[in-house]
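Take a look at the structure below.
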Number of protein chains: 2
Amino acid sequence: MVTLAEVAQHAGVSASTVSYVLSGKRSISATTRQRVEQSIRELGYHPNAGARALASSRSNIIALMVPLRTDMYVPVMMEIAIAVATTARTHGYDVLLLTGEEGPDAVRRVTGSGLADAMILMDVELDDERLPLLREAAQPSVLIGLPADTTGLTCVDLDFRATGALCVEHLAGLGHRDVAVIGEAPAVYERHTGFAERTLDGLRSRARETGVRLLHRPCEGGYDAMAVTLARVFDERPGTTGFVVQNESAVEPLLALLRQQGRAVPEDVSVVAICPDQVAVQASVRLTSVSIPAQEMGRRAVEHLVAKLDGRGADEVVLLAPELTVRASSGPAAS
Amino acid sequence: MVTLAEVAQHAGVSASTVSYVLSGKRSISATTRQRVEQSIRELGYHPNAGARALASSRSNIIALMVPLRTDMYVPVMMEIAIAVATTARTHGYDVLLLTGEEGPDAVRRVTGSGLADAMILMDVELDDERLPLLREAAQPSVLIGLPADTTGLTCVDLDFRATGALCVEHLAGLGHRDVAVIGEAPAVYERHTGFAERTLDGLRSRARETGVRLLHRPCEGGYDAMAVTLARVFDERPGTTGFVVQNESAVEPLLALLRQQGRAVPEDVSVVAICPDQVAVQASVRLTSVSIPAQEMGRRAVEHLVAKLDGRGADEVVLLAPELTVRASSGPAAS
DNA sequence: ATGAAAGCGCTAACAG
DNA sequence: CTGTTAGCGCTTTCAT
């Protein structure tokens, strides 16, 4: 293994000079720099991560805690994780992958050991037990998601309240009066995941304002569950002409069932989905949708974290504005 | 920050004793151990990761390189990643998440810096440019996937050849004579990802043996692409009664289109999918399928790696046997 | 613009 | 069974 000292000797300079060439923390004459860089290349030198971390008390690692469960839409998680990893790299950080499994212990372990310089938490619950630890941790953190109490925390999330409102607004504008909301699995609501409840909030309040009647039904993914849910919806509200779907694994089943029942989309019923664009575009009817900006969330989370690590940036709640894209699944209410 | 020395002082023992209590590398009297453990708890001590890594030249980190692309089935990737992370934890390792983006450079960086003790690579191509680096690296590694040349490497993968064979066998046994294979996106084949080609191999050779006529068509995901592909299939082989699908985002579109064309599943055509069980169960017709054992692959990869790190275990290719589960989408060929 | 040297916190011989 | 001690490879004052 090549060490800094060996590089220094090879280049005929002191160890500190090599270190400074690497960090750029003080000016080096062009010739020395070149000689050092040459030696580094010739010897194939790579700074030792452990030694660096010990001496600088900086690991250049960001911990990312992803949920263990897979009852929510996985591709979004993955997209966020990948965006976090790639953005982190552009700032010189690597990403440590933690699963929610260990819960608060993982937070203790990572913050306590200095394994990571900072952390990002996904899938935050309204009253998450990891939050107190984060508030008192030495390392900065960013949540992707929005807990009930955000004091002392930085959060990045899609504005799900506005998302809900936007969906209802779109349907109301098209003349729909009875709208059904196909929600996430019941477990998601029971867990009090923020985004599901906030979406509902937005849906309801805008429905009130626009005189739309709303029927909310949580729904497990899959065809069978969707069939049951749909039957109940039309049973309770036969006049339903609009659907808002916030459960990707219910999207295609819903479309299939509607087709099967002879209800044309968008002639007879309109469907608005809250899902990644890819899902909206690949569905059997190109879906009018509000997209979940997974990449942007991951990127923004890292950028806030890096700002904090650099002493810039303070606690803040960043809510990304939703954008609704009109596609083929929504149209005027049948009159 | 609490250090080992402080714990030692608090407990009235030497630093090394504390270290040995932690590592268990030499026997400690019950009373000393208790005193030390007590002090650790009282002071809230956490060993410093960097110092540990430097002194022991062991980071207790496993690097996991995931593909950046998302043209392949993401949930499988995620499931593997999570299985890797949780299994690694049970062995005292954390997981560093690398994206394929950096390519071979990431391998150099990680192995060179001692950031990780070992690595796991997913989405390995037949002639992957990272392989030479792995072979000469000081750290052990495991591939999830199977390259063309496995000498000096350890690989874990589903036996896709056997998987293909199993699918054809099932359909042949039911009397199907014309079988269409709906494959991954063309890009996947162009990239020479091993699993896609191996599946095809298995499909073809067993088709030959059983006298089945096979028609293979790569297919982008989504409804529109599937519609085009399906039309071509029935155009070329009107007598097609069996389908093998190896592209999760084509599964539901295929079922919807068949339904729409008045072809009943499984009465008129049978469908066998290669996909995670969850997809098979949630589809609009419960699918006969060969499941992709993502969790097991992740778990096995870590266990092999840990074995290598502990000086046990040698290079080896582990092919997991496929299992076909008969569900509602396959039945006797229409006579 | 460069060097010298003191640690960073821990592990692992070596010595009893 | 326990203590002493010499590093691990790097960063960062303090000098010059």
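Atoms considered below: every heavy atom in the structure, side chains included; atoms not considered: hydrogens, waters and symmetry mates. Residue numbering restarts at 1 for every chain, and letters A, B, ... go by the order of the sequence lines. Just so you know, these numbers come straight off a predicted model, no measurement behind them.
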If the test is side-chain contact (heavy atoms from CB on, under 4.5 Å), which one of B:Val21, B:Val13, B:Val18 qualifies with B:Thr32? B:Val13
Any residue of residues 29-51 of chain A with a heavy atom less than 4.0 Å from an atom of DNA chain C: A:Ser29, A:Thr32
Summary of side-chain hydrogen bond (donor to acceptor under 3.5 Å, both in side chains) pairs that have at least one residue in residues 130-140 of chain B, sequence neighbours excluded: B:Asp128-B:Arg130
List for me each residue that meets salt bridge (Lys or Arg N to Asp or Glu O under 4.0 Å) alongside [X], sequence neighbours excluded, and say none if there are none.
X        : value
A:Arg89  : A:Asp94, B:Glu102
B:Glu101 : none
A:Arg300 : A:Glu296

What contact category does [X] fall into here, base, sugar-phosphate, or nothing, at under 4.0 angstrom with non-hydrogen atoms?
X        : answer
A:Ile28  : sugar-phosphate
B:Val13  : sugar-phosphate
A:Thr3   : sugar-phosphate
A:Gly114 : nothing

Roughly, in whole Å, what's the span from [atom1] in [X] to [atom2] in [N]?
X      : N      : atom1 : atom2 : value
A:Leu4 : D:dT11 : CG    : C1'   : 9 Å
A:Met1 : D:dC10 : CE    : C1'   : 10 Å
B:Gln9 : D:dG3  : CD    : P     : 13 Å

The bend of the helix from C:dA1-D:dT16 to C:dG16-D:dC1, taken between the axes of its five terminal pairs at each end and rounded to 10°, is 30°
Would you tabulate the nitrogen or oxygen pairs shorter than 3.5 Å linking the protein to nucleotides 13-16 of chain D?
none

Between CG of B:Leu305 and OG1 of B:Thr87, what distance do you get to the nearest 0.5 Å? 11.5 Å
Hey, what do you get for CG (A:Leu64) to CD1 (A:Ile82), rounding to the nearest 0.5 Å? 11.0 Å
In short, salt bridge (charged side-chain N to carboxylate O under 4.0 Å, His left out) pairs touching residues 40-60 of chain A with sequence neighbours left out are none
Heavy-atom pair of closest approach, residues B:Val7 and B:Leu43: CA-CD1, 3.9 Å
Looking at A:Ser19, I'd like to know whether one of its side-chain N or O atoms comes within less than 4.0 Å of OP1 or OP2 on D:dC10. no
With a 4.0 Å limit, can you tell me whether B:Ser27 has a side-chain N or O closer than that to the phosphate oxygens OP1/OP2 of D:dC1? yes
Can you see whether B:Ser14 engages B:Thr17 through a side-chain donor-acceptor pair at a distance of less than 3.5 angstrom? yes
Heavy-atom distance under 4.5 Å between the side chains of A:Met119 and A:Thr111, does that happen here? yes
Closer to the 5' end of DNA chain D via nearest nucleotide, is it A:Val2 or B:Ser14? B:Ser14
Run the side-chain hydrogen bond (donor to acceptor under 3.5 Å, both in side chains) test against A:Asp157 and tell me which residues pass, sequence neighbours left out. A:Arg198
Mind checking side-chain hydrogen bond (donor to acceptor under 3.5 Å, both in side chains) for B:Ser59 and listing every partner two or more places apart, or none if nothing turns up? B:Asp117
Nt span of DNA chain C in reach of chain A heavy atoms at under 4.0 Å, 5' end first, is C:dA1 to C:dG9
With sequence neighbours excluded, residues passing ring pair (Phe, Tyr, Trp, His ring centres under 6.0 Å) with A:Phe160: A:Phe195
